[in-house]
Amino acid sequence: MIDVTGDSERAELAGPSGRLGPQARQENWDRLGSEHFDVVVIGGGVVGTGAALDAVTRGLRVALVEARDFAAGTSSRSSKLFHGGLRYLEQFEFGLVREALHERELMLTRIAPHLVKPVSFLYPLKHRWWERPYTATGLLMYDTMGGARSVPGQKHLTRAGALRLFPGLRHDALIGGVRYYDAQADDARHTLTVARTAAHYGAVVRSSTQVIAFLREADRITGVRIRDVETGAEQDVTADVVVNATGVWTDEMQRLAGTRGRFRVRASKGVHIVVPRDRIAAESGLILRTEKSVLFVIPWRNHWIIGTTDTDWNFDLAHPAATKADIDYILEHVNAVLATPLTHDDIEGVYAGLRPLLAGESEQSSKLSREHAVARPAPGMVAIAGGKYTTYRIMAKDAIDAAREDLRGWIRPSITDKVPLLGADGYHALVNQVDRLAEEHGVHPHRLRHLLDRYGSLVHEVLALAEGRPELLQPIPGAADYLRVEVVYAVTHEAALHVSDVLTRRTRISIEYPHRGLESSEAVARLMAETLGWDDETIAREVDVYRKRVEAERASQSEPDDQAADDARSAAPEFRPGVAEPVV
């Protein structure tokens, strides 16, 4: 075990800001094959990166490997909320709600104030006499269960007051309303920042690195065999304990390890649509009850995110596909309350994600528990699954706590509730200095605020790449909200290896523009080529694969059912064809 805070060699490798560029990628491959680790984490979603951060800040030697890209699965396809889960109160999951609200507060105030922001919602009331006191009681619990809070409490509104807040609602859709607050974040950027923070403290963090086998000594797991899916190279990584944090792939990974899982994971598909902000006249988000669950209308920059569905998914885990039926379901329910209905032509983007729910007796996935579970299926192995994005830090803590049995010596307690993510320190001061900083760097103050809310105090690193290259401070073609320098930074610091990594996760161009990134793909590829050394043939291939991916997704969204949608989506080539899927 080591004290990572004093390890200058590790700091130089990752860079002062957890830099994950091409050089670090090669050096980390060498380290994976030559060093012994206390903990190897499989999975680059928010729980896996959280587990790596938890372990390394306890002083452990840590490695994390991800077969595709960081947040490539569930952790880039959520509702993008840090919330307690209002509906879980009705399911009497008070412990989960209390825990989630506490985590929301930590994110807003200490851990990630640059990434996690308050967001308000209108809860429309439809029934006289009983619904307002019933809702007020629930929201009072919601306001107080998490302890200290940095967002306003509930505010009751008449029908006129509710319509002033949300004039886009039909007058007959409510008799009044209640405004309450939660928080939101760009889930992919948050997950990436957790990964980089783990690297900053000394963890070996590497994407495009798939576990293809487990190492054993008798009945004990002693490490993993990995493959670099970009080059095909393979090697062994030894560890005292392996943490399986692969979400919907949990069962598959357990089978690969030859262990009998203590729980099963069930994939529930959630679909969201994205529409322009001007299509709905409102100053707040909206939460609606449906016959199955709830539907959110969530403010998202110049857009609205509307979702979600909640249905079983039994097909390709890497590329869940939205169907026409999914989109029609969302439109039907939101249009029931909107004065000006939305149409398919209003939709800018669509995305589908899979929730890794713990399998239970109920056949309705929306009623399955969002509690998480930790198990030790074999000596030297820990599995973590279930839960919700908001409680990732608690899940990570519990996973590393469970690993103690396989670790040598005394293990320090978790401290991640005290560890700000990269970019958090100094963020508030920079917000107060926006005008001066904008003038220094030659960008508009509005643009600098946007960058601060994506990178926090790391904004200086981003803008430094444009010194002497003023063209990098121009917008990406077809995506006016993002600068060209962000593409370069994605490659030099954020481990982006393919065009899809940038268009889908480092930025959200793929869902925020009607062209779904097609008008930006060539410019992005050429900017990436400068650092990654791509020739014209590679650039053309990257652009072509992205185009076929968009075409396949659009085709799937016109299909009537999951089977047909999966067939259509599966027709697209892979950016990472070296990934074995499934691995067993």
Side-chain angles (χ1 to χ4, degrees), residues 15-19 80-83 103-121 146 148-153 181-194 196-197 200 277 283-285 298-303 305 390 393 416-467 472-476 479-490 493-494 506-508 512:
S17 63
R19 181 170 178 166
K80 315 201 184 313
L81 294 176
F82 269 86
H83 64 138
E103 292 303 304
R104 184 192 71 181
E105 185 69 12
L106 279 176
M107 294 297 153
L108 283 167
T109 58
R110 181 186 304 168
I111 295 177
H114 56 315
L115 302 176
V116 182
K117 306 294 181 182
V119 59
S120 79
F121 288 97
R149 54 185 292 114
S150 56
V151 298
Y181 280 80
D182 257 318
Q184 69 176 171
D186 183 329
D187 48 5
R189 177 146 296 282
H190 173 267
T191 297
L192 174 68
T193 307
V194 177
R196 291 187 61 196
T197 306
H200 170 72
R277 194 67 176 264
E283 298 176 13
S284 171
I298 306 164
W300 180 256
R301 300 172 188 154
N302 298 321
H303 319 269
I305 293 175
T390 305
R393 195 191 63 80
T416 51
D417 60 331
K418 304 176 182 67
V419 178
L421 298 185
L422 290 181
D425 286 338
Y427 164 72
H428 293 295
L430 290 174
V431 170
N432 290 339
Q433 299 171 356
V434 159
D435 290 340
R436 179 178 62 79
L437 292 172
E439 185 177 353
E440 282 182 11
H441 292 286
V443 298
H444 193 279
H446 173 76
R447 179 78 72 182
L448 190 59
R449 290 188 193 95
H450 177 72
L451 292 173
L452 279 171
D453 288 344
R454 288 172 49 73
Y455 305 97
S457 56
L458 298 181
V459 69
H460 296 300
E461 283 187 348
V462 180
L463 294 172
L465 295 175
E467 291 181 6
L472 292 182
L473 295 180
Q474 295 301 309
I476 297 171
D481 288 339
Y482 299 94
L483 299 179
R484 295 170 186 255
V485 71
E486 296 184 75
V487 179
V488 178
Y489 188 77
H493 289 71
E494 297 180 340
R506 304 306 182 279
T507 69
R508 307 321 287 262
E512 291 178 345

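In this chain, numbering begins with 1 at the start of the sequence shown.
Scanning all heavy atoms of the two residues, the minimum distance from Pro118 to Tyr181 falls at CB-CD2, 4.4 Å. Residues Ala424 and Pro113 share a closest heavy-atom pair of CB-CD, 3.9 Å. Nearest heavy atoms, Met107 versus Phe82: CG-CE2, 3.6 Å. Taking both residues in full, the closest heavy atoms of Ala480 and Arg447 are given as O-NH1, 2.9 Å, listed atom of the first, atom of the second, then distance. Considering every non-hydrogen atom in both Thr197 and Pro420, the closest pair reads CG2-O, 4.1 Å. Minimum heavy-atom separation, Val434 to Pro445: CG1-O, 3.7 Å.
Here Leu451 contributes atom CG and His114 contributes atom NE2; the two are 13.0 Å apart, rounded to the nearest 0.5 Å. To the nearest 0.5 Å, atom CG of residue Leu448 and atom CD of residue Glu439 are 12.0 Å apart.
Between Tyr482 and His450, the ring-plane angle classifies as perpendicular under the 30° and 60° cut-offs. The aromatic rings of His446 and His444 sit perpendicular, their planes meeting at an angle over 60°, well past the 30° parallel limit.
Taking 4.5 Å as the limit, some side-chain heavy atom of Leu458 sits within range of a side-chain heavy atom of Arg196. Using a 4.5 Å cut-off on side-chain heavy atoms (C-beta onward), Leu422 and Val194 make no contact. Between Val462 and Leu483 there is no side-chain heavy-atom pair separated by less than 4.5 Å. By the 4.5 Å heavy-atom criterion applied to side chains, Thr390 and Leu81 are not counted as neighbours. Looking only at side-chain heavy atoms (C-beta outward), Arg277 and Pro299 come within less than 4.5 Å of each other. Using a 4.5 Å heavy-atom threshold, the side chains of Ile111 and Lys418 count as separate.
Checked for salt-bridge contact, Asp186 and Lys80 miss the test: no charged N lies under 4.0 Å from a carboxylate O. A salt bridge does not link Arg301 to Asp453: none of the charged nitrogens lies less than 4.0 Å from a carboxylate oxygen. Note on Arg19 versus Glu461: no salt bridge recorded, every NZ/NE/NH1/NH2 to OD/OE distance being 4.0 Å or above. Arg393 and Glu103 are joined by a salt bridge, as a carboxylate oxygen and a charged side-chain nitrogen come within less than 4.0 angstrom of each other.
The aromatic ring centres of His460 and Tyr455 sit 6.0 Å or more apart.
A donor-acceptor pair shorter than 3.5 Å cannot be found between the side chains of Thr109 and Ser150. Counted by atom type alone, Trp300 and Gln184 present zero donor-acceptor pairs between their side chains at under 3.5 Å.
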